[in-house]
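Below is one structure, written out as structure tokens; comments come after it.
Just so you know, these numbers come straight off a predicted model, no measurement behind them. Heavy atoms only: backbone and side chains are in, while hydrogens, waters and symmetry mates are out.
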Amino acid sequence: MNQVYINQLSEHVGEEVTLKGWLYNLRSSGKLLFPQLRDGTGIVQCVVFKKAVSPEVWDALKGLGQESALTVSGTVRADERAPGGFEVDVTNAEVVAQAHDYPITPKEHGTEFLMDHRHLWLRSRRQHAILKVRHTVVRAVRDFLDTDGFTLLDAPIFTPAACEGTTTLFEVDYFDDAKAYLTQSGQLYNEATAAAFGKVYCFGPTFRAEKSKTRRHLTEFWMVEPEMAYATLDDVMSLAERFLSYIARRVMEERGEELKVLERDVSKLEAIVPPFPRLHYDDAVKMLHEAHERGEMETRFEWGGDFGAPDETYISSKFDKPVMVHHYPAAVKAFYMARDPERPELALGCDVLAPEGYGEVIGGGERATSLEFLQEQIKEHGLPEEAFDWYLDLRRYGSVPHAGFGMGIERCTAWMCGIEHVRETIPFPRMLYRLKP
RNA sequence: UGGCAGAUAGCUUAAUUGGUAGAGCGUCUGAUUGUUAAUCAGAAGCGUGUCGGUUCGAGUCCGACUCUGCCAGCCA
């Protein structure tokens with residue numbers, strides 16, 4: 001018999017097909033059963049008339065528990081009463097594996113319970129939709145960069161020392177008595193590959209041992225980091241707006257059904273088109289000051305600091321598109337940031353703040369080119385010089401202006417989906433105090 | 001790491017002033033030929049996170065601990 005997937009049913013109306021999947025839910029009405037079958041591509045309601053199947057099949061189906069594995073055969077029929085538009089009139093079925101007392105019932109559950117059952121929660125409609133959107137975000141990221149002339153050159157996950165020296169690193173034993181650290185950014189390695197290949201990116205897991213307990217943080221997350229040789233802050237901002245608008249368009253094109261499941265306000269995604277507003281740090285601070293004077297912000301923001309979550313939310317709330325804030329004070333940015341020649345206290349850095357309070361989805365900028373400047377910075381930041389000798393070589397041998405950024409896949413996905421917390425945008429989130437399952 | 005909130009049945013939760021811990025869902029049995037988190041009838045079963053204190057009596061009050069959630073800092 002003709003095995004098909006549920007998302008292909010529209011091509012098989014009137015045909016006899018076999019579906020292989022799991023029981024999502026079962027309702028009964030006397031001589032009639034309505035098993036809902038899911039197979040990873042979708043959910044379809046099947047209809048079993050008692051007299052249409054053998055007594056053995058009827059009895060097997062009647063008492064079947066949620067998430068039992070089964071195959072069903074029957075005729076595909078378009079039906080307005082069915083949620084997906086199609087139904088299958090079952091003529092035969094086989095129970096592959098019975099399931100009893102599936103923990104996640106069709107009722108409400110708390111976050112802790114669901115996270116403890118993450119391995120099963122993934123089967124739920126909403127989680128399925130979110131992770132399908134993630135898949136499309138990842139594909140869009142790769143397609144965009146690949147067709148734009150970028151070469152994928154992944155950075156190592158084991159690193160000998162801090163890339164930025166600021167955030168906390170996960171330390172692991174690395175043979176004998178050596179220590180290695182899990183990467184917190186591929187940034188420095190990207191600068192090496194950019195000098196070899198021109199336009200490059202790395203895309204992999206990133207680890208931050210920050211004890212953050214917010215809806216925007218994971219200890220293990222995926223980051224894509226493009227880097228371009230002979231590029232400036234302006235180039236990187238142009239790239240960021242083309243990049244994000246491409247991702248949003250792909251999500252809308254390919255994941256319409258999923259966005260419906262998530263009840264996403266698609267008009268928010270439709271608004272993500274170039275150009276994005278560009279806001280100088282000074283002007284952003286001015287906005288915050290005015291907001292404070294009007295009583296919209298509790299405390300007066302001090303020039304020179306980095307924005308806190310409430311500041312970011314306020315700034316982004318004034319725009320219906322992502323905002324690109326640039327020229328931050330150098331003091332709050334990484335040591336490798338290039339300086340504004342006119343105002344050396346400012347870094348040529350840029351953060352993209354997503355609308356709706358999703359915060360910083362992209363952080364990047366132009367890198368410093370001068371060997372002497374970087375040597376000073378490394379000293380000032382108290383970083384071990386010997387760990388950066390190879391990095392400084394990049395300034396000794398043909399140093400050119402170059403720029404890039406990093407985007408967090410989970411933050412981007414949460415934004416696309418319009419969901420509260422990044423923990424639902426990765427199959428198995430790693431967080432402070434959560435390492436299982 | 002700090003602030004706040006919380007932990008009662010497999011799950012979601014109720015419990016007045018300190019006085020017999022109750023329900024819905026799930027499970028089991030039965031009814032129902034169009035259900036949409038189906039409904040209806042019946043049944044079983046099981047619970048106050050851990051340790052200590054106050055009290056005639058603690059889910060409730062006090063202390064410590066463990067765990068969880070939310071917010072903040074840090075960042076993507």
Side-chain angles (χ1 to χ4, degrees), chain A residues 24-36 43-52 62-63 65-67 77 79-84 87 89 99-117 120 124-125 163-164 166-168 183-187 203 205-225 240 298-299 305-313 332-334 351-354 357-364 405-415 420-423 425-426 431-434 436:
Chain A
Y24 195 74
N25 196 10
L26 177 67
R27 286 180 287 268
S28 71
S29 182
K31 306 288 182 286
L32 207 49
L33 292 176
F34 299 98
Q36 287 191 312
I43 297 173
V44 68
Q45 173 164 291
C46 303
V47 185
V48 187
F49 285 92
K50 189 171 186 179
K51 62 186 177 189
K62 203 174 56 180
Q66 195 185 344
E67 288 302 321
R77 179 167 45 76
D79 194 315
E80 282 179 9
R81 291 170 294 188
E87 282 188 344
D89 287 319
H100 298 288
D101 299 325
Y102 184 70
I104 303 177
T105 62
K107 294 281 175 177
E108 285 172 33
H109 299 283
T111 304
E112 185 185 358
F113 176 82
L114 290 169
M115 290 302 294
D116 285 341
H117 295 83
L120 302 176
S124 301
R125 202 192 298 261
C163 284
E164 306 187 11
T166 49
T167 46
T168 336
T183 181
Q184 59 182 345
S185 165
Q187 161 63 32
F203 188 5
T206 305
F207 307 87
R208 303 266 169 98
E210 299 152 358
K211 295 200 166 178
S212 305
K213 284 196 299 184
T214 82
R215 70 176 97 156
R216 299 179 303 281
H217 286 86
L218 299 169
T219 56
E220 177 184 319
F221 65 98
W222 283 65
M223 184 156 69
V224 57
E225 295 173 274
E298 262 182 47
T299 51
D306 205 352
F307 301 126
D311 305 317
E312 287 184 355
T313 302
V332 300
K333 288 291 170 184
D351 285 352
V352 181
L353 307 180
Y358 283 96
E360 191 184 334
V361 287
I362 280 181
F405 62 74
M407 184 187 78
I409 291 298
E410 290 77 17
R411 283 192 187 173
C412 181
T413 304
W415 170 33
E420 277 291 302
H421 204 298
V422 292
R423 65 184 160 217
T425 64
I426 187 166
M431 297 181 290
L432 185 63
Y433 309 134
R434 187 170 284 283
K436 238 188 97 185

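With a 4.5 Å cut-off on side-chain heavy atoms, A:L114 and A:R423 do not count as touching.
Across all strands shown, A:H117 has no heavy atoms under 4.0 Å from either base or sugar-phosphate atoms. Nucleic acid contact class of A:K333 (heavy atoms, under 4.0 Å, all strands): none. Residue A:G308 is in sugar-phosphate contact alone, with no base atom involved, counting any heavy-atom pair closer than 4.0 Å across all strands shown. Here A:G359 lies out of heavy-atom contact (under 4.0 Å) with every strand. No contact: A:L33 has no heavy atom under 4.0 Å from any strand. Contact annotation for A:T206: no contact, since no heavy-atom pair falls under 4.0 Å across all strands.
To the nearest 0.5 Å, atom CD of residue A:E312 and atom CG of residue A:L353 are 5.0 Å apart. To the nearest 0.5 Å, atom OG1 of residue A:T299 and atom CG of residue A:D311 are 7.0 Å apart.
Here A:F221 packs flat against the base of B:rA76; its ring centre is closer than 5.5 angstrom to the base's six-membered ring, tilted by less than 30 degrees.
Closest to the side chain of A:R423, from the set B:rC74, B:rG69, B:rU33, is B:rG69. Residue A:R434 places its side chain closer to B:rG69 than to any other of B:rG69, B:rU32, B:rU1. When distances are taken from the side chain of A:K211 to each of B:rA76, B:rU1, B:rA72, the shortest belongs to B:rU1. Taking the side chain of A:E87 as heavy atoms from C-beta on, and the options B:rU35, B:rC75, B:rU33, the nearest nucleotide is B:rU35. Comparing atom distances between the A:S28 side chain and each of B:rC75, B:rU32, B:rU35 picks out B:rU32 as nearest. Picking from B:rC70, B:rC75, B:rA37 the nucleotide with the shortest atom distance to the side chain of A:N25 gives B:rA37.
Atom-to-atom, CE of A:M115 to P of B:rU68 comes out at 11 Å; the value is rounded to the nearest Å. Distance A:L26 CG to B:rA37 P: 15 Å, rounded to the nearest Å. Between the C1' atom of B:rG34 and the CD atom of A:Q36 lies a distance of 13 Å, rounded to the nearest Å. The separation between A:K62 atom NZ and B:rG30 atom C1' is 10 Å, rounded to whole Å. Atom CZ in A:F34 sits about 15 Å away from atom P in B:rU32, given to the nearest Å. Taking atom CE on A:M431 and atom P on B:rC67, their separation rounds to 15 Å, with Å as the unit. Protein atom CD of A:E420 is 14 Å distant from nucleotide atom P of B:rG69, rounded to whole Å. Rounded to whole Å, the distance from CZ on A:R208 to C1' on B:rU1 is 18 Å.
The shortest distance between the side-chain N/O atoms of A:R215 and the OP1/OP2 oxygens of B:rC71 is below 4.0 Å. One finds no side-chain N or O of A:Y433 lying less than 4.0 angstrom from the OP1 or OP2 phosphate oxygen of B:rC70.
For the ring pair (Phe, Tyr, Trp, His ring centres under 6.0 Å) test, no residue two or more places apart in sequence or in another chain qualifies with A:F49. In terms of the side chain to side chain contact (heavy atoms under 4.5 Å, CB included) criterion, residue partners of A:T206 (sequence neighbours excluded) are, by chain and number, A:R208, A:F221, A:M223. Residues passing the side chain to side chain donor-acceptor pair (under 3.5 Å) test with A:E67 are A:R38, A:R123, sequence neighbours excluded. Taking the salt bridge (charged side-chain N to carboxylate O under 4.0 Å, His left out) definition, one finds that A:D79 meets it with A:R77, A:R81, sequence neighbours left out. When the side chain to side chain contact (heavy atoms under 4.5 Å, CB included) test is applied to A:S29, the partners found at least two apart in sequence or on another chain are A:L32, A:F34. The salt bridge (charged side-chain N to carboxylate O under 4.0 Å, His left out) test applied to A:K62 returns A:D59, not counting sequence neighbours. Every residue two or more places apart in sequence or in another chain was checked for a salt bridge (charged side-chain N to carboxylate O under 4.0 Å, His left out) with A:R216, and none qualifies. A:Q66 pairs by the side chain to side chain contact (heavy atoms under 4.5 Å, CB included) definition with A:Y102, A:P106, not counting sequence neighbours. Partners of A:E410 by salt bridge (charged side-chain N to carboxylate O under 4.0 Å, His left out), not counting sequence neighbours, listed by chain and number: A:R134.
A gap of 15 Å separates the P atoms of B:rU60 and B:rA9, to the nearest Å. With both ends at atom P, the span from B:rG69 to B:rC11 equals 16 Å, rounded to whole Å. Between the C1' atoms of B:rC25 and B:rA37, the separation comes to 10 Å (whole Å). As rounded to the nearest Å, B:rA72 and B:rG26 have P atoms that lie 37 Å from one another. One C1' atom belongs to B:rG10, the other to B:rG45, and the distance between them is 11 Å to the nearest Å. Nucleotides B:rU8 and B:rG47 place their C1' atoms 6 Å apart, quoted to the nearest Å. With C1' as the reference atom, B:rA44 and B:rA7 are 27 Å apart, rounded to whole Å. Comparing the P positions of B:rU27 and B:rC70 gives a spacing of 29 Å, expressed to the nearest Å.
When each of A:D351 and A:P310 is assigned the nucleotide of RNA chain B with its nearest heavy atom, A:P310 is the one assigned upstream, toward the 5' end. Across the interface with RNA chain B, nearest-nucleotide mapping of A:G30 and A:M407 shows A:G30 to be the residue nearer the 5′ end.
Below the 3.5 angstrom threshold, one finds a donor paired with an acceptor across the side chain of A:R411 and the base of B:rC75. Side-chain atoms of A:S29 and base atoms of B:rU39 include no donor and acceptor less than 3.5 Å apart. Under 3.5 Å, the side chain of A:H109 and the base of B:rC11 form no donor-acceptor pair of N or O atoms.
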Table of protein N/O atoms under 3.5 Å from nucleotides 3-10 of chain B N/O atoms:
none

**OP:** Any chance you could list the contact pattern along nucleotides 40-50 of chain B? Use B for base contacts, S for sugar-phosphate-only contacts and - for none, protein heavy atoms under 4.0 Å, 5' to 3'.
**Re:** -----------
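Where RNA chain B pairs in unbroken runs of 3 or more (Watson-Crick or G-U, both distances under 3.5 Å), the stems are B:1-7 with B:66-72, B:10-13 with B:22-25, B:27-31 with B:39-43, B:49-53 with B:61-65.
Using a 30° and 60° split on the angle between ring planes, A:H109 and A:F113 fall in the parallel class, below 30°.
A:R411 places a side-chain N or O within 3.5 Å of a backbone atom of A:E360 that can act as its donor or acceptor partner. A donor-acceptor contact shorter than 3.5 Å is absent between the side chain of A:S28 and the backbone of A:G30.
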